[in-house]
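Each remark here refers to the structure printed beneath this line.
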Amino acid sequence: VYPNPGKGLFQFSNNQSAQIKHIRILHISRIILKDFKASTNSSIDEIDIADLKPGIYFAEIYTSKGKIVKRLLKE
C-alpha cells in the first residue's frame, strides 16, 4: 500500500498472482467506513478515502488467495 501515509488516494501493489476483489476500510474501533468491490474479472488497484478525516485506518484486503489487513495513515 502506498503512499502510506497519504492524503487520500492509496494504491495497492500485488506481488502475487492473486487479484484484489474486495477492500473494506475500517475505523480504529473496527467500524466499517467504506466498502470497495471489484467489478467482474478485474482487480482493485487503488482506492480514494479523501473524504475521511486524517487518522489511522485499517484496510481489510480480500484476494483470491485470502485476506490480509494493512494499516493506513491518512494525513
Side-chain angles (χ1 to χ4, degrees):
V1 178
Y2 61 95
N4 200 6
K7 295 187 187 268
L9 188 64
F10 290 89
Q11 297 182 342
F12 293 84
S13 171
N14 192 356
N15 295 335
Q16 302 172 354
S17 61
Q19 288 187 324
I20 299 172
K21 298 294 185 183
H22 189 185
I23 298 174
R24 284 186 179 150
I25 303 301
L26 295 95
H27 185 267
I28 198 162
S29 64
R30 307 299 289 173
I31 297 170
I32 298 171
L33 301 173
K34 296 241 180 208
D35 205 359
F36 300 91
K37 292 183 182 179
S39 58
T40 306
N41 296 327
S42 67
S43 180
I44 300 173
D45 296 326
E46 66 183 22
I47 60 168
D48 187 358
I49 60 168
D51 57 329
L52 296 180
K53 294 180 182 180
I56 298 171
Y57 298 93
F58 293 99
E60 288 183 343
I61 305 164
Y62 297 86
T63 71
S64 56
K65 295 193 176 188
K67 173 186 146 184
I68 58 171
V69 178
K70 294 287 186 179
R71 185 176 66 113
L72 301 178
L73 179 59
K74 183 177 180 289
E75 297 178 324

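- Every pair tested for side chain to side chain donor-acceptor pair (under 3.5 Å) that includes a residue from residues 66-75 fails, sequence neighbours excluded, so the list is empty.
- Note that the CD atom of Glu60 and the CZ atom of Arg30 stand 5.0 Å from one another [nearest 0.5 Å].
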Side chains of residues 44-51: which donor-acceptor pairs under 3.5 Å do they make with residues two or more places apart or in other chains?
{"residue": "Glu46", "atom": "OE1", "partner": "Gln11", "partner atom": "NE2", "Å": "3.4"}
{"residue": "Asp48", "atom": "OD1", "partner": "Ala50", "partner atom": "N", "Å": "2.9"}
{"residue": "Asp51", "atom": "OD1", "partner": "Lys34", "partner atom": "NZ", "Å": "3.1"}
{"residue": "Asp51", "atom": "OD2", "partner": "Lys34", "partner atom": "NZ", "Å": "2.8"}

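- Of the inter-residue distances, the one linking Ile23 atom CD1 with Ile68 atom CD1 reads 9.0 Å to the nearest 0.5 angstrom.
- Applying the ring pair (Phe, Tyr, Trp, His ring centres under 6.0 Å) test to residues at least two apart or on different chains, the pairs with a partner in residues 34-70 are His22-Tyr62.
- In terms of hydrophobic clustering, with Ile, Leu, Val, Met, Phe, Trp and Tyr side chains grouped at heavy-atom distances under 4.5 Å, Leu52 and Leu73 are assigned to different clusters.
- Cluster annotation: Leu9 and Phe12 are assigned to distinct hydrophobic clusters (Ile/Leu/Val/Met/Phe/Trp/Tyr, side-chain heavy-atom contacts under 4.5 Å, transitive).
- Ile61 CD1 to Ile20 CD1: the interatomic distance, rounded to the nearest 0.5 Å, is 5.5 Å.
- Note: Leu72 CG to Ile56 CD1 = 10.5 Å, rounded to the nearest 0.5 Å.
- Partners of Ser29 under the side chain to side chain contact (heavy atoms under 4.5 Å, CB included) rule, at least two apart in sequence or in another chain, are His27, Ile31.
- Residues Ala59 and Ile25 share a closest heavy-atom pair of CB-CD1, 3.9 Å.
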